[in-house]
Amino acid sequence: MISKKHWSPGSDVSIQSVERSDTGGWLVSGILTPRGICPDCGLHSRRRHGWRYRRLQDFPAHGDGVTLALQVCRWRCLASACPRRTFSDHIPSIARPFARRTSRVGEIVSHLGHATGGRPAERLLHRLGVGVSDDTVLRHLKRRADSIAQPPRVVGIDDWSWRKSQTYGTIIVDLERRTVIDILEDRTVENCTNWLRRHPEIEVVSRDRCGLYAKAARQGAPQALQVADRFHLVQNLRQAIEEQMNLHGRATGRALLSDADNISTDLHLQRSRLAHRKSREEIFTKIHALREQGLSCSEIERRTGFKRRSVAKWLKSEVPPDRRRATLKPTSPWYFEGILAVSWKKGNKRGRQLFHEIQSHGYEGSYSHLQRLLAGWRRAEKQTSADLSTSSVRLEPVRDPQTGHAISPVIAAALCIKPRATLTSDQARKVDALKAGSPGFATMRSLAMRFKGILRGRQSGPLDAWIDNAVETNIIPIMRFARTLHRDIDAVRNAIELPWSNGQAEGQVNRLKTLKRAMYGRAGPELLRARMLPLRHTE
C-alpha cells in the first residue's frame, strides 16, 4: 500500500489526504511547513495574513493523473523599513511561480520534448497519464533553453541549409566539450561577427574554407587562432585533380571501340537513328506478315510483345509511322527561336532583355524556361571556345587496359590521393594506366601523397616548399589550389600543427538535419536551437 509519504512531491510538503477525484484521477491534499521568510529583508514572520490552495499536476499513479492541492500561506512582514508588506511561501524545489505542474513533471516534459519533439512527446505523456499538449511541451523546452552554457574556448563554425542551395544558417560547436553552443538563423558575416564579439574568451576558431567565416573570425575574434579544416583541404585538392583530369574527356563507361568504329559523335548519332528506323521497319514488316497468316491482334501481341493497341495502329498504316514531335506553343521559348536567334547574333545575350522582347511578340512562358534555352546556347559557345583554346591539350580519356572502360575524372581524382598500400589490385591497375596515359597524373599523385604526409606529420615546415613545387608544375588547377593555400597560410599551418578540426561540426549538422526532417521542416531557429543544445544546458 502506498503511504502518504510516497505521495509527497518534496520534503517540505506534508500530505493530509489522498482521494479519488470526480474525473477518475487522484486528488492529493498537502500543506507546506510553516516558514515565513520575507524575500526582500530576510526577516522571519509568524504573523499569517491568509492562505490559499494551489493546484499542481504531479506524477501519475497507476496510470491515472494526480493533482496536488497544496495549501500555501501568505504572511505579513513585520519589518517597518521593508517595502514588502505581505508575501507567500516560496517552494522552488516543488514548483516555479505561476507554474501549473511540479518541477519534476516539468523536467520529464522537457526531456521528452528534447528527445522526441512536440507531438510524439504529447502522445507518450498521455499514455503515461500526464495530460500535456504539444504546445506546452515546446514551451517548456524553449524556456529551459535560455540558460547559458559554460564559456567556450575552442569553437567550430559551419553552415547548414534551411533550403538547399537557397538559404543557409550557422551552427557553432564547442569542440572541447563536443556540444552545440548556438544556432544562428543565417550565415552573414555581420551576425557571426556579433556573436564572436560577445564571447571574447574564444581562443581557437575552426572553420571550413568559406571566406565568410574567415572574415567574421578576423573581425569578431581577432585574438583567436583560425584553423582550416583538414578534410576540406584534401577535398579541395581532389577537386583540383578532377578538374585537370576533365581535360582528358568525360568517361562514357563503354568498351574501347575498334578503329573501324571510331567515328565522330554526330556520325554516331546519325547511325543510331538509322539503326532505330531500320529496326522499326523490321517490326512493321513482321507484324504485317503475321497478319497475312490470319493471326489475330491478340496472338500477334503474344508473339511480338507489343501492346494490342500498338499492333492495331500499325496494321492500319501502310508504312511505319514516324514519331511526331509536339506542336510548339507560345508557352515555349522554342516557338520564338527565330526572333531569339536574330537578337543573339546581334550581340543581345542578356536574358531579361530577350525575355521582354519575346513577351512583346506573345510569349506566355516563364523566365526560367527561357533561361534553360539560353543556357544551352551559352554552353555551346563556351565549349566551342574551349575546344579552340585547348585543342592541343585535350586528350583521349584514359581507359582500363583490362576492361576497356574509360576511367572517369572522379575515380581518377579519388585514386590519385589514395596511398599505394591501400589500393586493391583493380585500383592499382587503373593507377598504372593513368600514369601511362595522362602526362600530369604522376606529378599530381606525387604532390597529393606529399600533401597528405604533411597533414599527418603535424609539421608545417615543408608546406612552403610544397606550394612552390605545385606552382612550378604549370598544371592550372593545382597552381590555383596552391595560391589559395598561400592566401590562407596561417589557418592552414594551424590545421597542420593543432589537433582541432571541423569534423564535430559536420556531425552536428547531420544531427540537425535529422531533427529538422523529423519535424517536417516546420521548426524555427528557436526550436532547433532548443533541441540541439545538450540536456545539461537546458536544465
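Below, each value reflects all heavy atoms present in this structure, side chains not excepted, and no hydrogens, waters or symmetry copies. Because the structure is predicted, anything quoted here is derived from the model rather than measured.
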Starting from the C-alpha separation in whole Å, work towards a yes-or-no answer on salt bridge (charged side-chain N to carboxylate O under 4.0 Å, His left out) for Asp400 and Arg429. CA-CA 8 Å; Asp400 190 327; Arg429 184 177 63 250; 3.1 Å; yes
Test log, rule side chain to side chain donor-acceptor pair (under 3.5 Å), inputs Asp174 and Thr179: CA-CA 5 Å; Asp174 189 337; Thr179 57; 4.8 Å; no
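Within a 6.0 Å radius of CD in Glu190, other residues, nucleotides and ligands contribute 12 heavy atoms or fewer. In the displayed structure, Arg198 atom CZ is contacted under 6.0 Å by more than 12 heavy atoms of other residues, nucleotides or ligands. Counting heavy-atom neighbours within 6.0 Å of His486 NE2, excluding the residue itself, gives a total of 12 or less. Residue Arg127 qualifies as open at atom CZ: its count of foreign heavy atoms under 6.0 Å is 12 or below. For CZ of Arg100, the number of neighbouring non-hydrogen atoms (other residues, nucleotides, ligands) closer than 6.0 Å is 12 at most. Residue Arg350 qualifies as open at atom CZ: its count of foreign heavy atoms under 6.0 Å is 12 or below. A 6.0 Å sphere centred on CD of Glu185 holds no more than 12 heavy atoms belonging to other residues, nucleotides or ligands.
No salt bridge links Asp432 with Lys435; every basic N to acidic carboxylate O contact stays at or beyond 4.0 Å. A salt bridge does not link Arg522 with Asp134: every distance from a Lys NZ or Arg NE/NH1/NH2 to an Asp or Glu carboxylate oxygen is 4.0 Å or more. In summary, Asp426 and Lys430 engage in a salt bridge, as defined by a charged side-chain N under 4.0 Å from a carboxylate O. We find that Arg238 and Glu242 are joined by a salt bridge, their nearest charged nitrogen and carboxylate oxygen being less than 4.0 Å apart. Between Arg529 and Asp182, at least one side-chain N (NZ, or NE/NH1/NH2) sits under 4.0 Å from a carboxylate O, which counts as a salt bridge. With respect to the salt-bridge test (charged N to carboxylate O, under 4.0 angstrom), the residues Glu176 and Arg153 qualify.
His199 and Trp195 have parallel rings, their planes meeting at less than 30° on a 0 to 90° scale where 60° marks the start of perpendicular. Ring-plane geometry between Phe451 and Trp466 is classed as tilted, the angle between the planes lying from 30 to 60 degrees on a 0 to 90 degree scale.
Under 3.5 Å, the side chains of Thr514 and Arg511 contain no donor-acceptor pair of N or O atoms. A donor-acceptor contact under 3.5 angstrom links the side chains of Ser343 and Glu357, judged on distance only. Of the N and O atoms on the side chains of Ser133 and Asp135, not one donor lies less than 3.5 Å from an acceptor on the other residue. Looking only at atom types and distance, the side chain of Asn502 has a donor-acceptor partner in the side chain of Ser206 under 3.5 Å away.
Nearest heavy atoms, Ala470 versus Leu447: CA-CD1, 4.1 Å. Between Arg378 and Gly351, the shortest heavy-atom contact is NH2-N, 4.0 Å. Across every non-hydrogen atom of Gly503 and Asp229, the tightest pair is N-OD1, 4.1 Å.
Residue Ile358 holds its CD1 atom at 13.0 Å from CD of Gln353, rounded to the nearest 0.5 Å. For the atom pair NZ of Lys418 and CE of Met449, the computed distance is 10.5 Å after rounding to the nearest 0.5 Å. Rounded to the nearest 0.5 Å, atoms CZ (Arg177) and CG (Leu175) are 11.0 Å apart. Between atom CH2 of residue Trp377 and atom CH2 of residue Trp344 there is a gap of 7.0 Å, rounded to the nearest 0.5 Å. The distance from the OG atom of Ser501 to the CG atom of Asp208 is 12.0 Å, given to the nearest 0.5 Å. Atom OG1 of Thr136 and atom CG of Leu141 lie 12.5 Å apart (nearest 0.5 Å).
Leu237 is not listed as a side-chain neighbour of Met444, based on a closest heavy-atom distance of 4.5 Å or more. Within the 4.5 Å cutoff, the side chain of Ile489 has heavy atoms near those of the Ile467 side chain. At least one side-chain heavy atom of Cys416 sits less than 4.5 Å from a side-chain heavy atom of Phe441. Looking at heavy atoms from C-beta onward, Ile454 lies out of side-chain contact with Gln459 at the 4.5 angstrom threshold. With a 4.5 Å cut-off on side-chain heavy atoms, Arg101 and His140 count as touching. Residues Gln226 and Arg218 are in side-chain contact: their nearest non-hydrogen atoms beyond the backbone lie under 4.5 Å apart.
Of the candidates Leu512, Thr170, Leu527, Leu512 is the only one forming a side chain to side chain contact (heavy atoms under 4.5 Å, CB included) with Ile183.
The cationic group of Arg207 does not satisfy the cation-pi geometry with Tyr213, failing either the under 6.0 Å distance to the six-membered ring centre or the 45° limit from the ring axis.
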